[in-house]
Each structure stands twice: as structure tokens, then as C-alpha cells.
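A, B, ... follow the sequence lines: proteins, then strands. Residue 1 opens every chain.
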Protein chains: 2
Amino acid sequence: MRADAQRNRERLLDAAVELILEVGGEPSRDAIASRAGVGIGTLYRHFPDQQSLLKAVALHVLDRTITAGEGALADSASGGEALRRYMHLAIDHGLGVINIIYPLIEHADWPDQRARAASLLLTIVDRAQSDGVMRPDATATDVGFAVIRACRPLAVGLPPDEERALAHRHVDICLDGLTDTPSTPSSG
Amino acid sequence: MRADAQRNRERLLDAAVELILEVGGEPSRDAIASRAGVGIGTLYRHFPDQQSLLKAVALHVLDRTITAGEGALADSASGGEALRRYMHLAIDHGLGVINIIYPLIEHADWPDQRARAASLLLTIVDRAQSDGVMRPDATATDVGFAVIRACRPLAVGLPPDEERALAHRHVDICLDGLTDTPSTPSSG
DNA sequence: GCTAATCGGAGTATAATCCTCCGCTTACTG
DNA sequence: CAGTAAGCGGAGGATTATACTCCGATTAGC
């Protein structure tokens, strides 16, 4: 694959992630291409149909979130810290986009990302619970949904950076609800 | 005002609320009319432009939420109970729609609803805090935003009743985060 | 019954979005 | 540093969604 093609592909994915998070729904193809600073033809060459684009976006985001999450888990001193770090980094990596490909998740023909994500999240939750900081009735699903919710745009007209700050604030609140001890507000 | 006109007006408002909550954004006028079981002409007669419709929707929802909230506050035994009841009833009354009219809130020419809502929320938060159940660093804004977030659709394709159940579950988690003591999961 | 208010929805105008196509540009290769 | 195949951009036509009007049919209220 030629270098410029690779670069444009990544620009398109990043633009798509941004727009999905801003709009809270599927953005138009024209909008994605123009945000990526790329011709509309280029978008269609890389992603012939909507489905392939959405799938690529999901894998892109899942991938980098899982990688970052595994790293955070590895060098966290406690289950509570791992949980907190995971939730915040998931926001920063754009995990919120998966609300859009929800219907695709069921019959996903994609690789082991899904299993890997589930296993990571379960490990974190298990560890937090056996450390005694996380309430036993809280589930991995609660954690996942809390992150997705935090990523949804809150109010039309709010600039992206404010949205992001509010998302982190909200996740801290959820963290307190999911755990027994108040979490230290994180700085990112 | 003729009885059927009044009835249709209310149907339109209710349909608009439903759709806004389902879609998470502004629904089309055609969709609203058809959901309300009313001709498109009827919609335009009642609400000549988008702005007047959105404003009416907001007032409609604010009104019934405030009324219910004041009632709940009046017969709650504690600040904690008032807070919990308020958050859950706000979901049920559709307070989530206000994310859509956010840009209108600033220069709103509408009556005292806004002040009434603010005062109700502040009273509840004050009471919860002086009762010692709510963390002092949590704010009325946190409460409001938590409710709005809980009302946003979580995943495309999820049926409305599941969305609603998840919203209540989420609010319970936030409630635990905002308060010092775990809240009893409410049944509505 | 009468009538003025209200309704419904077919139908046109407008705008958004989709997608193709092809001449131009650029990264790689020898 | 040419040669060339891969890749790019975006004009523009097709398609679809949405906005809005208009008027004959209907109905509430007297």
C-alpha cells in the first residue's frame, strides 16, 4: 500500500471518529471526507460502503483502546486504579463510537477484538472487586455503558473540549458510584 | 380553543418528546406528525416553525417535571430520598429533551419556568447536602447533567423500554457517586 | 342543521446526501 | 531522474429526505 494511501485511510478513520462523537450519530460521507481534508472519491476508494467504514472505525478504536487498557492494567498498583485509568482512557480513545455500530456487533465477523475487549474489561472488574473497592453488584456491563454514555454529546452547541471535560467529570462520578471509596479525581 | 385542536396539540408534543428521546436529536416534522397520528398540516397549524415547536416541547416537559418534582420534595422524608425520587421522575417525564433546546436556553424569553426549575433543584441539593448524604463537592449541575445523560439513547437499535431501564440503572449508579451512602435501587 | 374552525395529506420546492467518473498528481521503481 | 501505475480530487447527476402549502373534506359547538 502506498504511503499516501495509508495516511489518507488513517485520516479518514480519525475524522469519522471525531464526527461520530460530535454528532452522536452517523455523519454524512461528505462531512467525513471534508473533515479529513480528503476528496470524496478517496473515501469511496477506501470504504466502498457505509458498513465497511463503520466496521473499520470500530476496529480502529477498539484496537487502540484495548492496547492502552492492557498497558494501564499492567502498571496499575491496584484494581481500583486500573478501573479508573481504563474508564478515562477509553473516553480519550473514542470508545464512545461503538454505540453506532451496535447492530453490527451481534453477527460480527471480525477477529478476536471483541473477545479481547471483553476479557480485558472482565479482568479489570474482577480485580477491582477482589481488591474490595468495587461493589459486588456492579458489573462489567455497567462500566462499559457508563463510558459510552459519558462519550455521548450532552448538549447541542457545546464545543468539543467542553464536552470532553464533562465526560471525564461524569466518569468520575460513576466511578464513585461503582466503587465503595471515592476516587481521586484524575487529571486525564 | 376547540377540543380536538387541544387534543392534537398535546399529541404532537408527546410524540415530539418520544422521538427526541429515541433519536437523540431533532426529529423531522413528518416523523412527529405521523407518530402523533395527525396530518402534517395540523402540525404546521399549531407550530408554524421549528423554534416554536421546540420551545413548546421544552416548556411542556419542564412544567410536568417541576410539578412532579415539587410534589416529591414535599413528601420526602429526607434530602436523600428527594434527590433520588427527583432524578428518577425526571427521566420518566422526559427531561432529557432539553439537550436539544440548549442553544435556546440562554436568551429564553419564556416565563419563570427556568427559575422555578433551578430553584427546585438547588433546594433538593441543599437539603441532601445539609442532611449529610450528599458529597459537598457535588453540584446541582452534576445532578442535572447526570439526568440528561441518562436520557440519551445508548445504542442504536435498542428498543425504548430497554433504554429506559438502562437509564434508571445508570441514574442509580450516579446517585451512589453523588452521595455518600449507597442508594436503595428504586423501582421507579 | 348550520357554520366556522379544524383536519388530512397529496403534491411541489428545496436541500442534503450518495456515488460515479475521469483528468490530474504523486509515490515508488529501476 | 524518467516512467508508470497507483492514487487523488471534486464536479456533477441521481436519489432521497425534509420542508412547507393548499384546499376539499370533516367535525365541534351552537
Participant: Where each residue is assigned the nucleotide of DNA chain D containing its nearest heavy atom, which of B:Arg7 and B:Pro27 is assigned the position nearer the 5′ end?
Facilitator: B:Pro27
Participant: Rounded to the nearest Å, what distance is computed from the CZ atom of residue A:Phe47 to the P atom of nucleotide C:dT17?
Facilitator: 20 Å
Participant: In whole angstrom, give the distance that lies between atom CG of A:Asp4 and atom P of D:dA5.
Facilitator: 17 Å
Participant: Rounded to whole Å, how long is the line connecting atom CG of B:Asp30 with atom P of D:dT21?
Facilitator: 13 Å
Participant: From the options C:dC19, D:dG7, C:dT6, select the nucleotide whose nearest atom is closest to the side chain of A:Tyr44.
Facilitator: C:dC19
Participant: How do B:Gln50 and B:Ala3 order along DNA chain D: which one's closest nucleotide is nearer the 5' end?
Facilitator: B:Gln50
Participant: Given atom CG of B:Asn8 and atom P of D:dT27, what is their separation to the nearest angstrom?
Facilitator: 12 Å
Participant: If you pin B:Gly41 and A:Asp49 to their nearest nucleotides in DNA chain C, which one's is more 5'?
Facilitator: B:Gly41
Participant: Of the candidate nucleotides C:dT17, C:dC28, D:dA19, which contains the atom at the shortest distance from the side chain of A:Ser28?
Facilitator: C:dT17
Participant: Compare the minimum distances between each of D:dC8, D:dG29, C:dG8 and the side chain of B:Arg45, then state the nucleotide with the smallest one.
Facilitator: C:dG8
Participant: Atom CD1 of B:Ile40 and atom C1' of C:dA13: how far apart are they, to the nearest Å?
Facilitator: 15 Å
Participant: Tell me: CZ of B:Arg29 to C1' of C:dG9, nearest whole Å?
Facilitator: 16 Å
Participant: Do NZ/NE/NH1/NH2 and the carboxylate oxygens of A:Arg35 and A:Glu22 come within less than 4.0 Å?
Facilitator: yes
Participant: Report the distance from atom CG of A:Leu43 to atom C1' of C:dT20, rounded to the nearest whole Å.
Facilitator: 14 Å
Participant: Starting at CZ of B:Arg2 and ending at C1' of C:dT3, how long is that distance when rounded to a whole Å?
Facilitator: 10 Å
Participant: Are A:Arg64 and A:Asp14 within salt-bridge range, i.e. N to O under 4.0 Å?
Facilitator: yes
Participant: Should the pair B:Glu163-B:Arg152 be classified as a salt bridge under the 4.0 Å nitrogen-to-oxygen rule?
Facilitator: no
Participant: Any donor-acceptor pair under 3.5 Å linking the side-chain atoms of A:His170 with those of B:Asp142?
Facilitator: no
Participant: Whether A:His46 contacts D:dG7 is assessed here as follows: a side-chain N or O lying under 4.0 Å from the phosphate OP1 or OP2. Is that the case?
Facilitator: no
Participant: Using modelled atom types only, decide if a donor and an acceptor are shared between the side chain of A:Ser76 and the backbone of A:Ser78 within a distance under 3.5 Å.
Facilitator: no
